[in-house]
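Take a look at the structure set out below.
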Amino acid sequence: MLRTVLCVIFLLRALPASANESRGHISVVLLGATGDLAKKYLWQGLFQLYRDEVSNGHSFTFHGAALTAPEPGQKMMFEVLKNLACPPDEHPTRCAVLKDQFLKLSQYYQLRTAENYTVLNREIEKLLEQEELEEAGRIFYFSVPPFAYAEIAGHVNSSCRPRPGAWLRVVLEKPFGHDLESAQQLAAELRNFFKEEEMYRVDHYLGKQAVAHILPFRDQNRQFLDPIWNRHHVERVEIVLKETVDAKGRASFYEQYGVIRDVLQNHLTEVMMYLAMELPANISSTEDVLQHKLQTFKSLQGLEKTSAVIGQYQAYTSQVQEELQKAQNYFSMTPTFAGVLIHMDSLRWEGVPFILTSGKALDERVGYIRVLFKNRAYCTQSEALRDAERSQCKAKQIIFYIGHGELNSPAVLVSRNLFRPVMPEGSWREVTDRPQLHLFGQPLSDYYVYSPVKERDAYAMLISSIYHARKDFFITTENLLASWEFWTPLLDSISHQAPRLYPGGRENQHLLDFEMLGQELSFTLAEPAEFLHTSKQTPDDYQTIQTKFRNSSLVSAWPEELVSQLASDLEAVAARAVARSGKFHLAVSGGSSPVVLFQRLAKHHYGFPWKRTHLWLVDERCVPLTDPESNFCSLHDHLLKHVRVPYFNLHPMPVRLNRRLCVEEDQGPELYAEEIAALVTNASFDLVLLGVGADGHTASLFPRSSSGLGGDQAVVLTESPIKPHQRMSLSLPFINKARQVFILILGRGKHEIITLLSRVGNEPKKWPISGVRPSSGQLVWYMDYEALLG
Ligand code: BG6
């Protein structure tokens with residue numbers, strides 16, 4: 001391999017260099033060379049660097065490294081390199097030649113032990129010696145998880161430093177800590193090995209063209225912006241990254257971080273700094289930019305719990321359960337959506353809301369920064385007569401469009417009624433196509449729109465900046481710690497807050513809309529949030545007691561929490577049944593207790609497999625189904641009206657046959673039993689949901705009557721002591737055939753019977769509920785505190 005490399009370097013040195021004869025050799029070591037980021041962006045970025053710089057006097061070698069053994073590692077790496085491509089404007093022959101050279105200059109190394117690092121260093125040294133190359137420097141790109149940083153940093157520092165006079169640049173990928181303390185710790189560890197100027201912490205958003213152009217835009221348009229870039233003119237600033245993807249496949253990372261740490265603390269904060277900082281006289285001075293940024297961090301008002309709204313897409317918890325092998329009763333509190341309201345104590349920005357928003361599983365993928373200006377004009381002229389473009393009545397905004405969305409490319413948009421911006425000629429061009437496309441409430445024709453002449457990937461731009469030692473696109477230690485200092489209190493304060501659940505995608509509708517009320521943010525649709533907040537589990541607030549009652553599982557909590565738990569458990573049972581058999585057979589009771597459960601299911605369980613659910617009745621009153629006393633009627637009003645259960649899957653009890661109610665000769669119970677036998681495997685429901693009466697009755701099986709307590713009949717007619725007397729009910733033996741039985745008991749009125757039941761044995765004739773003992777299924781009691789404790 002070394003021979004090939006030498007050959008290529010020899011040939012390249014024969015090429016005319018536009019700069020000085022030889023500016024020295026650069027060794028690039030990519031750690032994590034076969035990982036996702038490397039595959040997707042880094043190798044492509046390095047190839048671009050090579051194409052751009054090969055004729056500028058430097059020679060290069062590229063050393064891909066990973067833990068994998070040399071042979072398979074080399075293979076995997078070359079699979080990636082094979083697919084490297086040039087942009088369309090590169091001549092194919094030049095591209096092919098350069099790619100061939102690049103491949104020859106790239107070699108795989110296994111870097112596992114200290115010895116491996118020594119070998120790598122020896123190889124680099126050997127190459128330099130044999131070719132009599134001056135060493136310009138070494139780049140070590142750490143595309144590895146941060147827990148590996150310290151060890152690798154130690155090896156690089158002790159074995160792989162370049163020769164005296166040459167530089168070392170170490171590139172680090174986020175996450176840089178988890179909170180202020182861990183970030184400080186990581187920073188201190190790294191400081192043991194590297195000097196500040198040697199470290200390049202990547203925030204790839206700073207390499208996005210629209211973001212990288214914020215400071216130049218502000219600089220080049222000072223004349224227009226100076227008077228208006230302040231609280232007197234700016235209404236608000238929105239910094240947004242919406243994604244349609246979810247966190248599937250990344251749960252082990254995401255569950256520890258969540259959206260605020262993943263995106264807001266870094267990408268969106270950095271963008272906010274570019275917008276809000278005082279503009280240095282010289283924006284190319286890295287030090288000046290940093291100092292101005294740090295000043296802005298100081299001006300940020302502290303965040304309160306109420307400064308944020310958080311959400312979590314509904315499927316997230318089950319993805320976490322699956323990927324992290326958590327139990328079914330594990331509920332994640334990690335937000336996958338957040339909106340945060342930030343204010344600054346500065347003369348310029350006092351009172352101007354900066355809204356940062358990001359989320360997974362949203363309705364669209366788009367990133368933008370929108371500065372919306374106040375509009376003081378009132379126009380008396382009708383809309384039709386207004387000057388189409390420059391009307392002072394139209395919204396005034398400046399948008400840095402990061403990408404995706406309707407425009408699907410980076411852009412800078414300035415409302416035509418503001419000013420025509422100065423843009424760098426050659427690198428940005430005005431775009432006038434699709435004038436009718438609407439963005440932020442206006443047709444594109446209302447804006448001056450500029451796009452980059454050449455679209456460039458963020459990583460390619462950052463790699464080029466590393467090569468050119470342009471540190472202004474990277475995060476210094478001070479900058480990083482300032483950001484964590486700002487975010488950590490909020491993260492701590494919401495760590496036990498239940499995020500609002502959202503179904504994901506377009507179905508989110510207005511569920512995640514939020515509004516500003518003074519210094520606070522809240523979801524616009526407040527009611528479901530309240531309901532969910534009390535019902536979602538938090539280690540501190542939500543204390544379900546999980547223990548035993550009558551030798552079966554008992555779940556106890558305050559009513560809303562209890563119902564929420566029951567609904568989640570029910571959904572889990574449903575999901576398992578559907579996975580097992582494609583269907584879910586659920587039999588529900590009537591009465592008042594299940595009503596809250598129905599309401600909860602209807603409002604919050606968007607992922608419930610309703611289309612696969614068959615709904616059966618445990619019991620029914622002998623009244624027409626439209627009668628408010630009818631259990632089916634209640635089920636209809638509180639659940640069926642709101643969810644989409646196929647008509648064919650509804651199985652009301654046939655209490656009304658031949659225009660009469662519950663007449664024995666009409667054989668309603670037999671008909672129902674036949675229907676069950678025809679549709680339900682082994683006539684065993686997946687889940688039966690029961691309640692308990694204060695007298696110990698369950699379903700429509702009443703004390704002091706033996707109807708339905710034994711025998712082969714699945715369905716029976718019974719007599720209630722309370723009106724309407726006549727009932728139809730599943731029998732006790734039939735209930736006990738179910739795979740699972742949940743019993744829901746709410747309210748102080750049930751405390752007495754519960755106390756009694758806790759002491760008595762199996763006496764269904766006295767207390768029919770005591771006979772509920774599924775023969776091979778599972779029984780769970782769901783009791784609120786009042787029922788349990790009185
Ligand atoms: C990464 C986050 O930093 O940025 C991801 O870890 C997120 O969760 C990504 O999806 C967004 O970047 P881009 O370039 O796709 O907008």
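Both backbone and side-chain heavy atoms feed into the values below; hydrogens, waters and symmetry mates do not. Numbers here simply count residues along the sequence, with the first being 1. Start at 1 and go down the list; that is how both ligands and their atoms are numbered.
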query = Just checking, Arg370 and Phe440: is the charged tip under 6.0 Å from the six-membered ring centre and within 45° of the axis?
reply =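 That pair does not qualify as a cation-pi contact.
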[X] neighbourhood, listing ligand 1 atoms whose heavy-atom distance to it stays under 4.0 Å:
X: His204; answer: 1 (C), 3 (O), 4 (O), 12 (O), 13 (P), 14 (O)
X: Lys360; answer: 5 (C), 7 (C), 8 (O), 10 (O)
X: His267; answer: 1 (C), 3 (O), 4 (O)
X: Asp262; answer: 2 (C), 5 (C), 6 (O), 8 (O)
X: Lys174; answer: 1 (C), 2 (C), 3 (O), 6 (O)

inquiry  = Side chain, backbone, both or neither: which applies to Arg365 and ligand 1 if a contact is any heavy-atom pair less than 4.0 Å apart?
reply    = side chain
task = Around atom 16 (O) of ligand 1, find the nearest protein heavy atom and jot down its residue, atom name and distance.
result = Tyr205 OH, 2.5 Å
message = So is Tyr254 touching ligand 1 or not, going by heavy atoms under 4.0 Å?
response =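 Not so, Tyr254 does not reach ligand 1.
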Lys/Arg N to Asp/Glu carboxylate O, [X] vs [Y], below 4.0 Å:
X: Glu270; Y: Lys293; value: yes
X: Lys174; Y: Asp262; value: yes
X: Lys454; Y: Asp52; value: no

request  = Please answer whether the main-chain N or O of Gly405 pairs with a side-chain N or O of Glu364 as donor and acceptor at a distance below 3.5 Å.
outcome  =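 Checking the backbone N and O of Gly405 against the side chain of Glu364, no donor-acceptor pair under 3.5 Å is found.
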request  = Check the pair Trp484, Glu181 against side-chain contact (heavy atoms from CB on, under 4.5 Å), reporting the backbone distance first and the verdict last.
outcome  = CA-CA 9 Å; Trp484 276 120; Glu181 204 187 324; over 6 Å; no
key: Option whose closest heavy atom lies nearest to atom 14 (O) of ligand 1, chosen from Arg261, Lys208, Glu173   = Lys208
inquiry  = Nearest non-hydrogen contact with atom 9 (C) of ligand 1 belongs to which option: Lys40, Glu243, Arg250?
reply    =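 Closest candidate by heavy-atom distance is Glu243.
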task = Evaluate the ring-ring contact (aromatic ring centres under 6.0 Å, His included) criterion for residues Phe217 and Phe400: first the C-alpha distance (whole Å), next the side-chain angles of each, then the deciding distance (0.1 Å), finally the verdict.
result = CA-CA 10 Å; Phe217 177 90; Phe400 298 92; 5.3 Å; yes
